[in-house]
S.K.: 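Shown below is the structure under consideration.
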Protein chains: 2
Amino acid sequence: MSKKQLIMEKAVELFSKQGFEATSVQQITDYCGISKGAFYLSFKSKDELILALIDYYMQQFSTELDYTVRNETKENTLYQFFYKTFHAFSNHVEFARLLMKEQTYSLNEALLDKMRYYDQLTNETILTIIEKVYGDAINDIKFDLILAIKGLLNSYSSLLLFNKVAFDEELAAESLVEKTNILATYMSTPFITEEQGKMFQHFSVEDMSKEQLLSLMSSIADDIEDSLEKDSLVLLKEQIDHTSFNLAIIKGLIENIRANKQCKWIAYLLEKHFNLL
Amino acid sequence: MSKKQLIMEKAVELFSKQGFEATSVQQITDYCGISKGAFYLSFKSKDELILALIDYYMQQFSTELDYTVRNETKENTLYQFFYKTFHAFSNHVEFARLLMKEQTYSLNEALLDKMRYYDQLTNETILTIIEKVYGDAINDIKFDLILAIKGLLNSYSSLLLFNKVAFDEELAAESLVEKTNILATYMSTPFITEEQGKMFQHFSVEDMSKEQLLSLMSSIADDIEDSLEKDSLVLLKEQIDHTSFNLAIIKGLIENIRANKQCKWIAYLLEKHFNLL
DNA sequence: TATACTAATGACTAACCGGTCATTTTGTCA
DNA sequence: TGACAAAATGACCGGTTAGTCATTAGTATA
């Protein structure tokens, strides 16, 4: 395990117990068994650590969920969404607790931006599910449905994260599927109008700039040995500015890199960039 | 306004913007226009301030909601519960934000206990509503209904607290009433069993000890001038250890003090103590 | 006006914070 | 073994923190 990862995994434990502000760098390094100086070889600052941490876990969660949502059958999508979420939370209890705690933290503007970004990703994922499962029929209540799903997920996740009793992930998912279906079927008094919903939809997620994409791909390419994936990355980089290949080829190249753990996130971003979703 | 109140109302503004940890006592006193020493004449420590703050606002919220829930018609109860909650939040936006932010803060064990206490009060209030509105028919799903209501309330409150768009409290309440009714009517796959629900129900709220009640009443009696209320308090104090009066008399005495703003909370606690609810 | 008491002040302390950097330890070659 | 570089250390820095306390200001009584 790299030192960076060691620090992240130990830090997430302390943050989830005490909160970000209340945990000192000294505490983290003591807990890792390293010196304070060593910390600053891996991270430029304490702020950079929590930003990296959020990315590290949220990228895993988001790609996993997005993949699930796009590849399940219509009948299973909603169940799998709930189940995978609970499962991810129970596999990363400390991070999930941190997420709940630091949700609305505002001192650090960069952190707040990041939170808003991933929250918006979640909204988009849920909206995709809703449109896939219920079709156009529920257009006028779909934004209320997003809010309701997030609220329910929040309540039941708290149970998983902060109670000592065993948590049956399958039953919980099943129960939330039923609640969602009921609401989708019978709801007729939405609170959020189409008008407001649009704002809701497009507000905070602007796509990554080409420069950001390219630099991210470069830094990943440097870390990878496997030649197929490295080559695919290089070819994809060339396609970002001026797409000359057929989209099928690009899709294939993205498929090549998706299997690699380090590439999952960039694969997801590239699909968004090339409008392949 | 007393100095204590001044500090609390200014502090809640700063806490809601920056969080508790990130706000210094110096900042608070500067903002109040008083000296640092003066702060420590009103509060023993910064921790004591936030505990007092939570009590100050949550007692207002709880008594208000409890009164509403018990005195509305069956048809209006649920609507009024949602509406009053939204209304209280929009009248005390800063405190409500603080509440959302510091929800699960765990460094301070006393704070965590207090949060759990008021959360449990909320659970009891919601349970009372559910039983009043839906009767015994929904016994097997009532704990799921509590969770669902809290989740929905959480989602929609976030909208009120963290978005800049105008928030129609009446429409929001109406919309949540509908959602709740739908769930209560059609839900059939509860997640929380009767067994777990019992734990849920009795877990953390132990009644206040008689000593705590008595000392609270004494300190309030010292602050009050009005003789009727003062006398009623003294008579009630005598009844706590050995109830000799008829319960009707006790009920009357409690009614005497309820009108006084300082007594609302103790009136609520006394009703619980004498099992008058 | 003198006295006695409370309310309020802000300089001060000891502890801790995030972050730096000269120094030492460790690992890797020839 | 010795020479060199990379990795790791922890004393140290300037700044901030919660909390204290000798001193002063304000007020009421006599």
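Since the structure is predicted, the reported quantities are computational estimates derived from the model, not experimental observations. Residue numbering restarts at 1 for every chain, and letters A, B, ... go by the order of the sequence lines.
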S.K.: Can a cation-pi geometry be assigned to Lys84(B) and Phe89(B), taking NZ or CZ under 6.0 Å from the six-membered ring centre and within 45° of the ring axis?
M.R.: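 No - Lys84(B) does not lie over the ring of Phe89(B) by the 6.0 Å and 45° rule.
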S.K.: Please say whether the positively charged group of Lys10(B), taken as NZ for Lys or CZ for Arg, lies over the ring of Phe15(B), i.e. under 6.0 angstrom from the six-membered ring centre and within 45 degrees of the axis.
M.R.: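 Output no; distance or angle outside limits.
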S.K.: For DNA chain C, find the residues of residues 38-47 of chain B with a heavy-atom distance under 4.0 Å and give them by number; none if there aren't any.
M.R.: Ala38(B), Leu41(B)
S.K.: Locate the shortest heavy-atom distance separating Lys46(B) from Thr23(B); write the atom from each residue and the value.
M.R.: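 Scanning both residues, the minimum pair turns out to be NZ-O, 2.7 Å.
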S.K.: How many Å lie between CD1 on Ile50(B) and P on dA18(D), as a whole number?
M.R.: 12 Å
S.K.: Using heavy atoms to find the nearest nucleotide of DNA chain D for Ser35(A) and Ser24(B) separately, return the residue whose nucleotide is more 5′.
M.R.: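 So the residue in question is Ser35(A).
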S.K.: Take atom CD of Gln26(B) and atom P of dC17(C), then tell me their distance rounded to the nearest Å.
M.R.: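 One finds 20 Å between P of dC17(C) and CD of Gln26(B), rounded.
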S.K.: So which nucleotide from dA18(D), dG18(C), dG10(D) ends up closest to the side chain of Lys36(B)?
M.R.: dA18(D)
S.K.: What pairs with Ser45(B) under side chain to side chain donor-acceptor pair (under 3.5 Å), at least two apart in sequence or on another chain?
M.R.: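 By the side chain to side chain donor-acceptor pair (under 3.5 Å) rule, Ser45(B) matches no residue at all.
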S.K.: Could you check how far CG of Asp30(B) sits from P of dT16(D), rounded to whole Å?
M.R.: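 Asp30(B) atom CG is separated from dT16(D) atom P by 13 Å.
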S.K.: What's the CD-C1' distance between Gln18(A) and dC17(C), to the nearest Å?
M.R.: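 Value for this atom pair: 14 Å.
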S.K.: Return the minimal non-hydrogen interatomic distance between Leu98(A) and Ser16(A), and the atom names on each side.
M.R.: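 Closest heavy-atom pair between Leu98(A) and Ser16(A): N-CB, 4.0 Å.
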S.K.: Let me test you: for the helix from dT1(C)-dA30(D) to dA30(C)-dT1(D), what is the angle between the axes at its two ends (five pairs each), rounded to 10 degrees?
M.R.: 10°
S.K.: So, for Phe81(B) and Thr125(B), which heavy atoms are closest and what is the spacing to 0.1 Å?
M.R.: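 Scanning both residues, the minimum pair turns out to be CE1-CG2, 4.4 Å.
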S.K.: What I want to find out is whether Glu255(B) reaches Arg258(B) closely enough, with some N-O distance under 4.0 Å, to be called a salt bridge.
M.R.: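 Salt bridge present between Glu255(B) and Arg258(B).
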S.K.: Which residue, Leu160(B), Val165(B), Leu161(B), forms the side-chain contact (heavy atoms from CB on, under 4.5 Å) with Asn163(B)?
M.R.: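 For Asn163(B), the side-chain contact (heavy atoms from CB on, under 4.5 Å) check succeeds only for Val165(B).
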S.K.: Whole Å only: how far is the CD1 atom of Ile28(B) from the C1' atom of dA18(D)?
M.R.: 11 Å
S.K.: Assess whether a salt bridge exists between Lys36(A) and Asp30(A), defined as any Lys/Arg side-chain N lying under 4.0 Å from an Asp/Glu carboxylate O.
M.R.: no
S.K.: Using whole Å, report how far CD1 of Ile34(B) lies from C1' of dA7(C).
M.R.: 12 Å
